[in-house]
2 protein chains.
Amino acid sequence: MPRKTPDQLRDVLRDFRRDQVIDVARRLFGERGSADISMEEIATEAGVARSTVYVYFANRDELLRACLERMHTQLLDGLAAAWEEGAEPEDRLRTLFEGVFALIDDSPAFFRLAVTAEDAVAVTADAVQRGASPSTPGLALIGLNIARLIQDLYVEGVAAGRFRSLDPATATALIGQMLFGAMSIRAGDPAPGPRNEAAAVVCDFVLHGLAAGQSPH
Amino acid sequence: MPRKTPDQLRDVLRDFRRDQVIDVARRLFGERGSADISMEEIATEAGVARSTVYVYFANRDELLRACLERMHTQLLDGLAAAWEEGAEPEDRLRTLFEGVFALIDDSPAFFRLAVTAEDAVAVTADAVQRGASPSTPGLALIGLNIARLIQDLYVEGVAAGRFRSLDPATATALIGQMLFGAMSIRAGDPAPGPRNEAAAVVCDFVLHGLAAGQSPH
DNA sequence: AACGAATCGGACACCGTGTCCGATTCGTTG
DNA sequence: CAACGAATCGGACACGGTGTCCGATTCGTT
């Protein structure tokens, strides 16, 4: 957040307007596709002139990017809030799923849009391995940060003898894939079931897959 | 396939050109986003006038739809070819993963695009339950047909005592989500690992999750 | 009250879409 | 071979969205 403390009312207003544009854009992008929304519509809905939008964001793409970044921080904040309480790896996994599902439920269509944006889908464990340069422009961080959470959670579970021992990178990738798949399907589901329940089902399945004990050959 | 046998050379040519346009479009859509490709570029690349493209496809959207349908049939054909040999549920699951991965590797970026198209992501088991009307316009069928394969495979595995017994709809959804997640991540991976290996890893994980035997509470 | 930053709003050129139609190619048919 | 007709070409058109620019105006600041 490279932003000085806005002690001037002017700066506060500036930030407020910018945030408002992002909020409106996120909503509209989520309701219909990105292609069906004109800058004009966003501006009008946000109570701002079209030319003003271009003061804050150079492109339509940059506006979209800003929306995705907001989604990202929103997710991580929500996750961090509920993270500490359950130290058990199982509970943390459930927290992760529930947090992500909450985000999806908030604006389902927008998630689908986020997927299309390049590098958004880097939940690969390799990505974690080859050191996610924070300089990576923008969105890969979404996947990367979550991948870190998953990996920490997994190695902890293994250390506690609760999970079977796999290559951490592989395990992270598998959990990440399951998470991503569950997100995608839920985002596309016109009538998704209750959030806790859905999260619990997926979570249990993953835990089964990770459970210590010998496989049936 | 409501198409009469093309006994006239004229019809053959017509189909040939149409196919060529679809192939080119699929490639270009896959290389860059759909938004970055103009009809002009597709037409030129296919050796056809832009106005001619509009003879075959009313919209850009309809062209995209045709591309997705081709992807669909290509997948199902490839799957059907390797389906019979392994009667074991485990082998069929592996076949499924490998077939899908093959499709991804063929044109990775295009898959990401396919996800954005509405109703493409209906791998929900509920969808299978509430009877997939074949009249469903277009793309939901991708998910639905695969969901059917998965569900058949699963109930068979349960009957053979190889899988633990879950609600078939739930199990189908879980496997579908895993499949979808693995596809997505692989589609976004700039350097995906060897196909068999990747399929095997994911497949094993799913089998662990399905394995008969009591869970660790 | 005067200054200046931010906003407005309307103009502009540019590009892609989808439509249309006359000219032309090319397989077909007598 | 010649004439027909379907398909293609290619260039025109209107329309709408993008991104830029700039003078006029609002509004917080000093």
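Between B:Arg195 and B:Phe101, the shortest heavy-atom contact is CG-CB, 3.7 Å. Across all their heavy atoms, B:Met39 and B:Tyr54 have their closest contact at CG-OH, 3.5 Å.
Summarising the geometry, the separation between OH on B:Tyr54 and C1' on D:dC13 is reported as 14 Å, rounded to the nearest angstrom. Residue B:Ile42 contributes atom CD1, which lies 8 Å from atom P of C:dT17 at whole-angstrom precision. Counting to the nearest Å, the P atom of D:dT18 and the CD atom of A:Glu41 are 10 Å from each other. When rounded to the nearest whole Å, the span between CG of A:Asn59 and C1' of D:dT20 equals 12 Å. Following rounding to the nearest Å, A:Arg14 (CZ) and C:dT7 (C1') show an atom-to-atom distance of 11 Å. For the pair A:Glu40 CD and D:dG19 C1', the interatomic distance rounds to 13 Å; values are reported in whole Å. Rounded to an integer number of Å, the gap from A:Phe57 CZ to D:dG17 P is 20 Å. Per the geometry, CG belonging to B:Leu63 stands 11 Å off P belonging to C:dT17, to the nearest Å.
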With salt bridge (Lys or Arg N to Asp or Glu O under 4.0 Å) as the criterion, how do B:Asp152 and B:Arg92 come out once you've worked through the C-alpha distance, each side chain's angles and the decisive distance to 0.1 Å?
CA-CA 10 Å; B:Asp152 291 350; B:Arg92 288 167 73 167; 5.8 Å; no
Pair B:Glu41, B:Arg32 - check salt bridge (Lys or Arg N to Asp or Glu O under 4.0 Å), show working.
CA-CA 12 Å; B:Glu41 189 172 353; B:Arg32 290 166 276 151; 2.5 Å; yes
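Under the Watson-Crick or G-U wobble criterion, with both distances below 3.5 Å, D:dA24 is paired with C:dT7. Base pairing annotation: D:dC13 forms a Watson-Crick or G-U wobble pair with C:dG18, both donor-acceptor distances under 3.5 Å.
Phosphate contact (OP1/OP2 of C:dG16, side-chain N/O of B:Arg60, threshold under 4.0 Å): absent. The phosphate of D:dT8 has OP1 or OP2 within less than 4.0 Å of a side-chain N or O from B:Tyr56. Considering only side-chain N and O atoms, A:Ser51 lies nowhere under 4.0 angstrom from the phosphate OP1 or OP2 of C:dC8.
For A:Arg50 and D:dG19, a side-chain-to-base donor-acceptor distance below 3.5 Å is present, hydrogens and geometry of angles not being considered.
Residue-to-nucleotide proximity on DNA chain D shows that, of A:Asp61 and B:Val55, the 5′-proximal contact is made by B:Val55.
A donor and an acceptor atom, one from each side chain of B:Glu69 and B:Thr73, are nowhere located under 3.5 Å apart.
When the nucleotides C:dC8, D:dG28, D:dT18 are ranked by their closest atom to the side chain of A:Met39, D:dT18 comes out on top.
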